[in-house]
J.: 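If you scroll down you'll find the structure; I have some questions about it.
Note that the structure is predicted; figures quoted are calculated from it, not measured.
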Amino acid sequence: MSQQKNTNDLLNMDETISNSEEFLTKNKNLILGAVIALVVIVGGYMAYTNFVSEPKELKASEAIFKGEQYFGADNYEAALNGDSLGFAGFVKLADEFSGTKAGNLANAYAGICYAQLGKYEDAEKYLSKFDGDDQLVAPAILGTMGNCYAQMGQLDKAAATLIKAAKHANSLSLSPIYLIQAGQILEKQGKNAEAVEAYKTVKKDYANSYQAMDIDKYIERASIK
């Protein structure tokens, strides 16, 4: 009974990898929150610092504003491809304003939109174009890429990217999620020792996280296989 309960308490590994909607939306609010936070930070920075001397940045930021509204409303098609009212869409804007902060952000938006629509190859293409080194958005983008790789059956890349995302984030909110996802993928591949290592990292480095409360169950499951 105890073993059965432990198993039921854990995430279903096959569903996590095979169900694209569940896999990519499980932590959607966290990922989108990170992007929105960047919008506020970057927007504020550009508004008070860059806009005076960098009119292209101002134009780019204004151009993507409507897309951010579509994005927030989960209207991913309009966010990606534009509307009949003058908004060009993140795909075109990422190209048009390449080299600007807003253009870079458009790549992130486009990638997440494609991921939400189940177009994982397109998602990976745009997510990989995003250039960021912060501890909030950059790891969230990496985590989404890892999930996309899993959906495409590229499990080695998926696990490695999720572990990279966890290290980059180094946070109680993101890192344990990515480490557990990586561990589940490694278990599916039969790489149980590596999975245990990922789980033990959660226990050691993120002991105060919500995910650490049940991490011993994951460690036990991977250890006895």
J.: Residues in side-chain hydrogen bond (donor to acceptor under 3.5 Å, both in side chains) with Asn81, at least two apart?
T.: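 Partners of Asn81 by the side-chain hydrogen bond (donor to acceptor under 3.5 Å, both in side chains) criterion, ordered by chain and then number, come out as Glu77.
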J.: From Phe130 CZ over to Tyr109 OH, what is the distance, rounded to the nearest 0.5 angstrom?
T.: 10.5 Å
J.: Do Ser98 side-chain atoms and Ala94 backbone N/O form a donor-acceptor pair below 3.5 Å?
T.: no
J.: Output all residues satisfying side-chain contact (heavy atoms from CB on, under 4.5 Å) with Lys66, sequence neighbours left out; order by chain, then residue number.
T.: Gln69, Tyr70, Asp83, Phe87
J.: To the closest 0.5 Å, what do you measure between CD1 (Ile112) and CG (Leu117)?
T.: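 So the gap between those two atoms works out to 12.0 Å.
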J.: Is there any salt bridge (charged side-chain N to carboxylate O under 4.0 Å, His left out) pair reaching into residues 108-124, and which pairs are they, with sequence neighbours excluded?
T.: none
J.: Does the separation of the ring centres of Tyr114 and Tyr120 fall below 6.0 angstrom?
T.: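 No: the rings miss the under 6.0 Å criterion.
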J.: Quick one: salt bridge (charged side-chain N to carboxylate O under 4.0 Å, His left out) pairs with a partner in residues 194-207, sequence neighbours left out?
T.: Lys203-Asp216
J.: Go through the structure and list residues passing side-chain hydrogen bond (donor to acceptor under 3.5 Å, both in side chains) with Asp95, not counting sequence neighbours.
T.: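 Residues passing side-chain hydrogen bond (donor to acceptor under 3.5 Å, both in side chains) with Asp95: none at all.
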J.: Mind checking what makes side-chain hydrogen bond (donor to acceptor under 3.5 Å, both in side chains) contact with Asp131, not counting sequence neighbours?
T.: none
J.: By side-chain contact (heavy atoms from CB on, under 4.5 Å), which residues pair with Ala169, not counting sequence neighbours?
T.: Pro139, Ser171, Leu174, Ser175
J.: Only pairs under 3.5 Å count here: list side-chain donor-acceptor contacts from residues 154-167, not counting sequence neighbours, and write none if there are none.
T.:
from: Asp156; atom 1: OD1; to: Gln189; atom 2: NE2; distance (Å): 2.7
from: Asp156; atom 1: OD1; to: Lys191; atom 2: NZ; distance (Å): 2.9
from: Thr161; atom 1: OG1; to: Lys157; atom 2: O; distance (Å): 2.7

J.: With sequence neighbours excluded, what pairs up with Lys129 under the side-chain hydrogen bond (donor to acceptor under 3.5 Å, both in side chains) test?
T.: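 Scan of Lys129 (side-chain hydrogen bond (donor to acceptor under 3.5 Å, both in side chains), adjacent residues dropped) gives none.
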J.: Among the clusters formed by ILVMFWY side chains lying less than 4.5 Å apart, do Tyr210 and Ile177 turn up in the same one?
T.: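 No; tracing contacts between hydrophobic side chains, which count when under 4.5 Å, never links both residues.
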J.: What's the separation between atom CG in Asp214 and atom CD1 in Ile180, rounded to the nearest 0.5 Å?
T.: 8.5 Å
J.: Test side-chain hydrogen bond (donor to acceptor under 3.5 Å, both in side chains) on Tyr178 and Asn147 and set out the steps.
T.: CA-CA 9 Å; Tyr178 297 143; Asn147 289 340; over 6 Å; no
J.: Mind checking side-chain contact (heavy atoms from CB on, under 4.5 Å) for Ala195 and listing every partner two or more places apart, or none if nothing turns up?
T.: Leu186, Glu187, Tyr199, Ala222
